[in-house]
Number of protein chains: 2
Amino acid sequence: MTATNRETDPRPQGGDTVSAVVRQWQAVHPDLDTGPMEIIGRVNRCAALLQQAEDAPLRRAGLSRPEFDLLGALRRTGHELTPGELARETFSSGAAVTKRLKQLTERGLVERRGDTRDRRVAHLRLTDAGRDLVDGILPEQLAYETAVLSVLDPQGQGELAGLLGELLGRLEGSLGALRV
Amino acid sequence: MTATNRETDPRPQGGDTVSAVVRQWQAVHPDLDTGPMEIIGRVNRCAALLQQAEDAPLRRAGLSRPEFDLLGALRRTGHELTPGELARETFSSGAAVTKRLKQLTERGLVERRGDTRDRRVAHLRLTDAGRDLVDGILPEQLAYETAVLSVLDPQGQGELAGLLGELLGRLEGSLGALRV
DNA sequence: AGCAGGTGTTTTACCTGTGAATGATATCGT
DNA sequence: ACGATATCATTCACAGGTAAAACACCTGCT
């Protein structure tokens with residue numbers, strides 16, 4: 001019920017670019033089930049739009065989003081992390097983390113300390129400057145995101161967060177399970 | 001109501017990685033409103049996971065997702081498009097489109113035709129091979145996406161599609177409006 | 001002890017996207 | 001008709017990511 005209301009409430013037919021694309025496909029291939037596009041296409045497009053908007057506050061601090069993710073991982077866990085842990089935590093490749101760490105240490109935002117037992121690994125922590133930078137940006141960042149998302153009423157936001165969480169949790173669970 | 005159910009139904013606390021991250025942030029900064037993360041973080045993460053999964057069928061055809069998007073735009077509109085139109089249609093930069101077109105024409109999937117009136121622009125269309133490739137991949141692609149999304153029940157999928165459409169429509173409407 | 005193999009990180013070569021010039025043409029105003 | 005300006009596409013230099021190889025080190029077996 002809720003779904004049907006939400007789908008037909010605001011405009012006669014979906015007013016976003018994805019629904020226009022779906023209609024085009026259906027005109028060309030009326031036999032195909034285009035249902036998945038309405039979710040996947042929109043998720044991709046939302047991600048692109050939100051990131052673009054989102055980047056604005058970060059860029060003023062001279063940080064890219066991946067860089068901020070890395071600093072944020074160090075800040076929110078509260079303890080030192082190895083490059084491998086950082087890669088897992090930020091869902092990026094080891095090579096990418098290496099490059100970012102190099103830049104961030106040069107900028108004095110991050111410090112590295114060698115492990116005494118296992119000399120392959122390093123432990124990374126925020127410098128005071130790094131911590132201050134994250135703590136300074138985060139409130140702005142969240143305020144900006146709140147403003148962007150306010151196009152949706154609070155109830156809609158709650159429902160959306162819940163559904164995304166459910167989808168994400170199950171996707172993460174069944175990650176490598178699907179093989180086609 | 002629906003939101004609250006969905007949020008608390010499957011597990012005691014959110015079982016996805018984003019909710020774990022949010023809990024970490026709240027432990028460090030209990031005063032901050034982390035609400036936006038639960039949407040934006042999840043959208044980003046879902047996009048990453050879905051794309052990774054999604055790419056599998058495409059890669060077998062030797063196409064990247066941006067390349068497929070370009071071919072798809074030509075297929076679904078049904079008529080020729082200029083490079084500029086393709087850039088707008090696929091939300092990418094003109095330079096990126098130029099590069100992709102170069103490769104796709106070399107592979108014989110796309111043909112270009114000069115405009116007689118305005119000699120700056122070219123018109124691009126799919127070759128027969130290009131059209132066949134798109135028509136061959138699309139059903140596989142959709143079937144795969146359907147399988148991936150089936151972790152969510154049909155009602156949940158409908159609600160999610162509706163909410164994303166609403167968010168996306170309004171974001172696209174108020175694109176450059178927000179200035180912070 | 002000494003070597004085989006595993007693990008954590010970095011390096012390398014390469015590919016793709018981007019923003020800022022550039023070049024080529026069209027359009028507008030006078 | 002002619003120059004100024006706008007528009008469309010491409011090229012350029014570069015930043016950033018990736019996979020695979022290389023490197024450094026640990027660990028377990030004999």
Side-chain angles (χ1 to χ4, degrees), chain A residues 44-45 47-49 51-56 58-59 61-71 73-74 80-107 109-125, chain B residues 44-45 47-49 51-56 58-59 62-71 73-74 80-107 110-125:
Chain A
N44 285 334
R45 184 93 185 94
L49 278 182
Q51 282 203 353
Q52 182 194 345
E54 211 172 30
D55 281 353
L58 291 182
R59 291 214 170 280
L63 288 177
S64 70
R65 163 150 279 272
E67 286 168 339
F68 183 74
D69 282 350
L70 199 161
L71 297 178
L74 289 171
E80 297 177 328
L81 293 172
T82 68
E85 288 168 337
L86 278 169
R88 259 165 264 135
E89 203 68 39
T90 62
F91 307 107
S92 30
S93 74
V97 168
T98 298
K99 284 193 181 179
R100 287 192 278 241
L101 283 175
K102 190 179 168 193
Q103 292 188 133
L104 293 172
T105 49
E106 280 169 3
R107 284 201 248 168
L109 300 173
V110 155
E111 277 175 344
R112 61 193 314 148
R113 175 182 71 77
D115 188 314
T116 44
R117 289 165 156 258
D118 186 339
R119 282 186 302 176
R120 288 171 304 182
V121 317
H123 297 270
L124 293 136
R125 66 169 158 244
Chain B
N44 285 333
R45 184 95 186 92
L49 278 182
Q51 282 201 352
Q52 183 193 344
E54 211 172 30
D55 281 352
L58 291 182
R59 290 214 170 280
L63 287 177
S64 69
R65 163 150 280 274
E67 286 168 339
F68 183 75
D69 281 350
L70 198 161
L71 297 178
L74 288 171
E80 298 178 328
L81 293 172
T82 67
E85 288 167 337
L86 278 170
R88 259 165 265 134
E89 203 68 40
T90 62
F91 306 108
S92 29
S93 72
V97 168
T98 298
K99 285 192 180 180
R100 291 198 276 256
L101 283 175
K102 190 180 168 193
Q103 292 188 131
L104 293 172
T105 49
E106 280 170 2
R107 285 202 248 167
V110 155
E111 277 175 345
R112 61 194 311 148
R113 176 182 70 76
D115 189 314
T116 44
R117 289 165 157 258
D118 186 340
R119 283 186 301 177
R120 288 170 306 181
V121 315
H123 298 268
L124 294 136
R125 65 169 160 245

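First the proteins, then the strands, lettered A, B, ... as listed; each starts at 1.
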Open item on the list: Under 4.0 Å, heavy atoms only, any strand: does B/Q103 hit a base, just the sugar-phosphate, or nothing?
Closed with: sugar-phosphate

Task: Whole angstrom value for the distance that separates P of D/dA15 from CG of A/L63 - done: 17 Å

Task: Reported CG-to-CG distance for the pair B/L71 and B/L86, which is rounded to 0.5 angstrom - done: 9.5 Å

- [ ] Apply side-chain hydrogen bond (donor to acceptor under 3.5 Å, both in side chains) to B/E80 and list each qualifying residue two or more places apart in sequence or on a separate chain.
- [x] B/R113, B/R125

- [ ] Report which part of the nucleic acid B/T82 touches: base, sugar-phosphate, or nothing (heavy-atom distance under 4.0 Å, all strands).
- [x] sugar-phosphate

List, with names and distances, any nitrogen or oxygen atoms from the protein found under 3.5 Å away from nitrogen or oxygen atoms belonging to nucleotides 12-14 of chain D.
none

- [ ] Check DNA chain C against residues 83-93 of chain B and give the residues with a non-hydrogen atom under 4.0 Å, in numerical order.
- [x] B/S93

Open item on the list: Tell me the interatomic distance from A/E106, atom CD, to D/dA15, atom P, rounded to whole angstroms.
Closed with: 13 Å

Task: Between C1' of D/dT10 and NZ of B/K102, the distance in whole Å - done: 10 Å

Open item on the list: Without decimals, in angstroms, what is the distance between B/L124 CG and D/dT10 C1'?
Closed with: 13 Å

Task: Straight-line distance of A/L74 CG to A/L109 CG, nearest 0.5 Å - done: 10.5 Å

Task: Minimum heavy-atom distance between B/P83 and B/A122, given as atom pair plus value - done: CD-O, 3.3 Å

- [ ] To the nearest 0.5 angstrom, please state how far the NE2 atom of A/H123 sits from the OG1 atom of A/T82.
- [x] 7.0 Å

- [ ] Determine whether A/K102 and A/K99 make a side-chain contact, defined as any pair of heavy atoms from C-beta on separated by less than 4.5 Å.
- [x] no

Task: Heavy-atom side-chain proximity of B/L124 to B/L81 below 4.5 angstrom - done: no

Task: Working for side chain to side chain contact (heavy atoms under 4.5 Å, CB included), residues A/L63 and A/R107 - done: CA-CA 11 Å; A/L63 288 177; A/R107 284 201 248 168; 3.8 Å; yes

TODO: For the residue pair A/E67 and A/V110, establish whether any side-chain heavy-atom pair is separated by less than 4.5 Å.
DONE: no

Task: Close side-chain approach of A/N44 to B/R65, heavy-atom, < 4.5 Å - done: yes

Task: Contacts of type side-chain hydrogen bond (donor to acceptor under 3.5 Å, both in side chains), residue A/T90, not counting sequence neighbours - done: A/S92

Task: Shortest non-hydrogen separation from B/A47 to A/A47 and the atoms involved - done: CB-CB, 3.8 Å

TODO: Write down the distance between CG (A/D69) and C1' (D/dG17), rounded to a whole number of angstrom.
DONE: 15 Å

TODO: Please find the earliest and latest nucleotides of DNA chain C, in the 5' to 3' direction, that have an atom within less than 4.0 Å of any heavy atom of chain B.
DONE: C/dT16 to C/dA26

Open item on the list: Once you apply a heavy-atom cut-off of 4.0 Å, does A/R65 come out as touching a base, just sugar-phosphate, or nothing?
Closed with: nothing

Task: B/R100 CZ to B/D69 CG distance, which is reported to the nearest 0.5 Å - done: 7.5 Å

Open item on the list: I need the residues from residues 114-121 of chain B with at least one non-hydrogen atom less than 4.0 Å from DNA chain C; give them sorted by number, or say none.
Closed with: B/R117, B/D118, B/R119, B/R120

